[in-house]
Amino acid sequence: MFTGIITGVGRIAAIHDLGTSSSYGKRLSIEVPDGYLDDVGLGDSIALNGACMTVTTLAPERGQFTIDISAESLDKTAGLTDEGSRINLEKALRASDRLGGHIVSGHVDGIGHVSFFAPVGESWELRVVAPPALARFLAYKGSITINGVSLTVNTVADIADGAEVSINLIPHTVENTSLGGLKTGSKVNLEIDTVARYVERMLQAGMLTPSLTSPTSPKDTSK
């Protein structure tokens with residue numbers, strides 16, 4: 001589990017094929033800031049642009065670690081095949097950590113694209129179009145994860161090809177995540193709010209039908 005609070009920005013240093021066809025995945029070497037790997041061990045989970053991955057090798061002396069990503073994960077995510085690109089990193093949540101963002105699973109639900117990104121006053125406005133399958137999970141002042149960053153939806157508008165959400169990015173977020181490098185047309189990884197996922201399931205199962213009367217108390221048979 002994660003919180004959507006980025007703990008470092010890395011770089012995809014190298015990409016190696018794990019096989020000779022598209023049915024094979026890839027091995028990514030990730031370059032990280034100084035000291036980032038001090039508390040990381042083999043098998044630990046680190047989210048890369050919002051996608052939970054497992055550390056397969058460590059080279060702290062070079063400031064690098066590797067992950068193996070399957071062909072299925074490559075097909076369902078964006079931004080993990082561009083050598084040299086900056087990438088958001090978050091270590092897995094510990095039970096003692098503060099939940100500074102919101103509960104994030106590290107499972108990408110879909111790929112969206114940037115429709116607008118420009119400075120507005122001291123901040124930046126980011127608009128992202130989410131695919132139709134995710135549109136019903138997005139709500140005003142709800143949470144969404146974009147490339148691993150926990151963000152609050154300022155507006156949401158249903159459109160022909162899904163839903164467009166508008167988000168305000170403060171300078172700190174632009175400067176300390178890879179979101180500052182986005183541009184119109186950029187593809188981004190999206191994860192919906194975990195609570196919305198369960199509400200949808202309960203609605204499908206008819207489990208949220210409100211009760212019109214309070215539970216009947218047992219009759220008093222002592223008289």
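- A donor-acceptor pair under 3.5 Å links the side-chain atoms of Glu191 to the main chain of Gly106, judged by distance alone.
- Screening Val32, Thr57, Val40, Leu28 against Phe65 for a side-chain contact (heavy atoms from CB on, under 4.5 Å) leaves a single residue, Val32.
- Inspection of the Ser178 and Asn88 side chains reveals an N or O donor paired with an N or O acceptor under 3.5 Å.
- Atom CE of residue Met202 and atom CZ of residue Arg197 lie 13.0 Å apart, to the nearest 0.5 angstrom.
- Looking at Ser186, its side chain does come within 3.5 Å of a backbone N or O of Lys183 through a donor-acceptor pair.
- Two residues are said to be in side-chain contact when any heavy atoms from C-beta on lie closer than 4.5 Å; Leu48 and Thr77 fail this criterion.
- Residues Ile46 and Val55 meet the side-chain proximity criterion, which asks for heavy atoms closer than 4.5 Å.
- Heavy atoms from other residues, nucleotides or ligands lying under 6.0 Å from NZ of Lys141 number more than 12.
- Heavy atoms from other residues, nucleotides or ligands lying under 6.0 Å from OH of Tyr24 number 12 at most.
- For the pair Leu58 and Leu42, the tightest heavy-atom approach, listed with the atom from each and the gap, is CD1-N, 3.7 Å.
- Judged by distance alone, with hydrogens and angles left aside, the side-chain atoms of Asn189 form a donor-acceptor pair with the main-chain N or O of Ala78 at under 3.5 Å.
- Glu164 contributes no side-chain N or O that, together with a main-chain N or O of Ala157, makes up a donor-acceptor pair within less than 3.5 Å.
- Side-chain atoms of Leu169 and Thr177, non-hydrogen and from C-beta on, never get closer than 4.5 Å to each other.
- Remark: the backbone N or O of Thr66 is paired with a side-chain donor or acceptor of Thr56 at under 3.5 angstrom.
- The backbone N or O of Phe137 lies less than 3.5 Å from no partner atom in the side chain of Glu200, so there is not a single donor-acceptor pair.
- No side-chain heavy atom of Leu182 sits under 4.5 Å from any side-chain heavy atom of Val128.
- Met53 is not listed as a side-chain neighbour of Ile30, based on a closest heavy-atom distance of 4.5 Å or more.
- In this structure, the separation between CD1 on Ile69 and CG on Leu74 is 4.0 Å, given to the nearest 0.5 Å.
- In Ile15, the CD1 atom is crowded: over 12 heavy atoms of neighbouring residues, nucleotides or ligands sit closer than 6.0 Å.
- Taking CG of Asn147 as the start and CZ of Arg86 as the end, the distance is 11.5 Å to the nearest 0.5 Å.
- Counting only distance, with no hydrogens or angles, the side chain of Thr7 and the backbone of Leu89 share a donor-acceptor pair below 3.5 Å.
- Across Asp109, Leu190, Ile111, a single residue satisfies side-chain contact (heavy atoms from CB on, under 4.5 Å) together with Pro131, and that is Leu190.
- Here the straight-line distance linking atom OG1 of Thr3 with atom CZ of Arg94 works out to 11.5 Å at 0.5 Å rounding.
- With hydrogens and angles ignored, the 3.5 Å screen pairs no side-chain donor or acceptor of Lys91 with any backbone N or O of Gly8.
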